[in-house]
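Here's the structure, in structure tokens; my notes come after.
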Amino acid sequence: MYLCPGQHGEKQAQLQDSPQQGVNQETAQVIQAAFRNAKFPNITGERSMRLLGRVAYGLSNIQVNDLSIERSEVELQEDNAIHISIKNVSALFKGTLTYGYAGAWFLQLFHSVDFEIESSIDLQLNIDLMCQKYQVVPDASDCYLTFHKLTLHLQGDKQPGWLKQLFTDFISFTLKLVLKREVCKEINAVAQTLTNFILDLAANFVRDKDIIVDISLASEPVITANYIESHHKGLVLYKNSSSVLSDSVFSPSLLTQPRMLYFWLSEHSLSSLAAAAFLDGRLLLSLSGEKLQELFEMEDTEVQQKAVQRIFQGTSYNDSVAKVWSLTQPQISLQPEGTVVRSLVAVEVSILLSGEEPLVALYMEKEVTVTIQATYAEKKLILQPVDSSVEIKVFKCTADPSGEDPSIQSFLQNMILVAGIPEVTSRIGSALTSLMNSKRLDLFDIINPEIITEKGYVIVQLDFGFPSHVLLNFLEKSL
């Protein structure tokens, strides 16, 4: 198996050809929508018949009813194409047949009868993926229909048997051409519409207010017999600034397990996102009430009681607030142990006095280094600190103006390591989960996801299911 990674790009997505069941089911739904939505034009013609003279006919109001698909198969091919085979499409076409003899059309002497056409069709479709204006564009024009059955039924017992045989013989060829043209045209249109829907969904997923990730293509998509690979720029855009495009170090050998979908992201991309979040003022957390009490009363010791009494001066936690924010842009390093984050962080505890300005009881600046391991389970992103260190740089406390009492600093440093850092990472995980779910990620079936960090990059690998109700709702609204 050979991949051709692009020369640039920070994000790579690779789609494997297994498992197939969900893909085949969704493919069948799209093909059914194309058949149902195809607009069939009226078919007219005439033919000279011995004894009868000239017979003119027209088929109108052609619609598809009772559509079913026995089997669909999706296969990736070496020639950069996706081959789709649809077996035994059973479709019942209904409409109105109008016919007349000799000059009957001009005399407006004609007959009309409802008809049904039973059909059994195989469909072969080759979809090429191209890059146009840095976007994926599918070309589904390579489309073939094979008719195994095309039977005309005329309604009403009064119609002569020769009439059915007549129209079956010389209408079927024209009807096959029309069906092929219109169905294939609609399949191509549905493919374009569905691609635009997925691209819009992806673009919205990596956009939040002023922070945008440019996921336009960095190179042509690659299709082999086993996978589809695409390289995306991964540029982080914030207001009028942009991150710098760096060379990709992606290699096929980095993917070691047979999964359905992979995402490869560089350390550079995550650092750029963290920088944008910092510039946008998002790295700020406030705690009060019960949550503040949980942190400061994590352990019931004499040292803890004295420290809390001196810091809060007997004030209720409900009348106090703690703020935590990043003073510098977080530095991110991806390592096998996890994501290492370094930043200068400020902590401020204020006591809220009725009718007066808040009293700052505690202010600290500390250098924090924390190693985080990320998992995704039950539609939630979980960030777990596995190693951390804190070095206090600035310490101001009304209970210790001289800063010479080591007990308060020792208590605070222990509290930050044991409870503070886990609380902050948990809050960040919850915030990111809410953000992703607002982008409709929770509608998808994310199966056995793994987030694997290595030196300089992270791989997210998973199996997934496209939600049928979302697909059907989109097809109903868009077609």
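This is a predicted model, so every value here is computed, not measured.
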Could you pull out all residues at least two apart from D280 that satisfy salt bridge (charged side-chain N to carboxylate O under 4.0 Å, His left out)?
R282
If you define the side chain from C-beta out and look only at heavy atoms, does anything of D142 sit under 4.5 Å from D128?
no
Min side-chain heavy-atom separation M298-V418 under 4.5 Å
yes
Should we count CZ of R36 as having more than 12 external heavy atoms under 6.0 Å?
yes
What I'd like to find out is whether the side chain of V458 reaches to under 4.5 Å of the side chain of E267, using heavy atoms alone.
no
Counting only N and O atoms by type, is there a donor-acceptor contact under 3.5 Å from the side chain of Q331 to the main-chain atoms of Q329?
yes
Hey, what do you get for OG1 (T146) to NZ (K180), rounding to the nearest 0.5 Å?
10.0 Å
The complete set of salt bridge (Lys or Arg N to Asp or Glu O under 4.0 Å) pairs with one or both residues in residues 305-317, sequence neighbours excluded, reads E302-K306, R310-D405
Within the structure provided, determine whether C143 and N188 are in side-chain contact (heavy-atom separation under 4.5 Å).
no
Are D445 and F464 close enough, and set up right, to give a side chain to side chain contact (heavy atoms under 4.5 Å, CB included), and what steps lead you there?
CA-CA 5 Å; D445 295 326; F464 80 101; 5.9 Å; no
Where at least one partner belongs to residues 296-322, residue pairs that pass ring pair (Phe, Tyr, Trp, His ring centres under 6.0 Å), sequence neighbours excluded
F296-F312, F312-Y317
Under 3.5 Å side-chain donor-acceptor pair for Q461 and E450
yes
For F40, the ring-ring contact (aromatic ring centres under 6.0 Å, His included) test, sequence neighbours excluded, returns F93
Min side-chain heavy-atom separation L441-I446 under 4.5 Å
yes
How long is the span from the CG atom in L359 to the OG1 atom in T315, to the nearest 0.5 Å?
8.0 Å
Which atom names give the shortest non-hydrogen contact between P449 and R259, and what distance separates them?
N-NH2, 4.2 Å
The complete set of salt bridge (Lys or Arg N to Asp or Glu O under 4.0 Å) pairs with one or both residues in residues 435-444, sequence neighbours excluded, reads none
Looking at every heavy atom in both G338 and T453, which two are closest together, and how far apart are they?
CA-OG1, 3.3 Å
Nearest-0.5 Å distance that lies between atom CD1 in I421 and atom OG1 in T369:
9.0 Å
Scan for ring pair (Phe, Tyr, Trp, His ring centres under 6.0 Å) pairs involving residues 405-426, sequence neighbours excluded, and state none if there are none.
none
Looking only at heavy atoms, the pair that brings L292 and A322 closest together is CD1-CB, 3.5 Å
Rounded distance [0.5 Å steps], OG in S288 versus CD in Q293
11.5 Å
Residues pairing under side chain to side chain donor-acceptor pair (under 3.5 Å) where one sits in residues 389-399, two or more places apart or in two chains, turn out to be Q313-T398, E391-K393
Between atom CD1 of I392 and atom CG of L412, what is the distance when rounded to the nearest 0.5 Å?
6.5 Å
Just wondering, do F35 and I69 contact through their side chains at under 4.5 Å, heavy atoms?
no
Run the side-chain hydrogen bond (donor to acceptor under 3.5 Å, both in side chains) check on S343 and S326 step by step: do they pass?
CA-CA 7 Å; S343 183; S326 185; 2.7 Å; yes
Short question: side chain of S410, backbone of P406 - any donor-acceptor pair under 3.5 Å?
no
Sequence neighbours left out, cut at 3.5 Å: what donor-acceptor pairs do the side chains of residues 82-91 make with other protein atoms?
| unit_1 | atom_1 | unit_2 | atom_2 | d |
| --- | --- | --- | --- | --- |
| H83 | ND1 | N126 | OD1 | 2.7 |
| H83 | NE2 | Q124 | OE1 | 3.1 |
| S85 | OG | Q124 | NE2 | 3.3 |
| N88 | OD1 | S120 | OG | 2.8 |
| N88 | ND2 | E70 | OE1 | 2.8 |

Going by side chain to side chain donor-acceptor pair (under 3.5 Å), name the pairs with one or both residues in residues 425-437, residues two or more places apart or in two chains.
E423-R427
Working for side chain to side chain contact (heavy atoms under 4.5 Å, CB included), residues I121 and V183
CA-CA 11 Å; I121 306 168; V183 168; over 6 Å; no
So which pairs with a foot in residues 424-457 pass ring pair (Phe, Tyr, Trp, His ring centres under 6.0 Å), sequence neighbours left out?
W264-Y457, F444-F466
Contacts satisfying ring pair (Phe, Tyr, Trp, His ring centres under 6.0 Å) that involve residues 188-213 (not counting sequence neighbours) are F197-F474
For the side chain to side chain contact (heavy atoms under 4.5 Å, CB included) test, which of L327, V424, V368, I416 pairs with V345?
V368
Looking at side-chain heavy atoms only, is the closest gap between E337 and T339 below 4.5 Å?
no
Does a side-chain heavy-atom distance below 4.5 Å link S72 with I31?
no
What are the two closest heavy atoms between I451 and A374, and how far apart are they?
CB-O, 3.6 Å
Give me each pair satisfying salt bridge (Lys or Arg N to Asp or Glu O under 4.0 Å) with a member in residues 357-379, each pair once, sequence neighbours excluded.
none
dist S438:OG -> N204:CG (nearest 0.5 Å) comes out at 7.5 Å
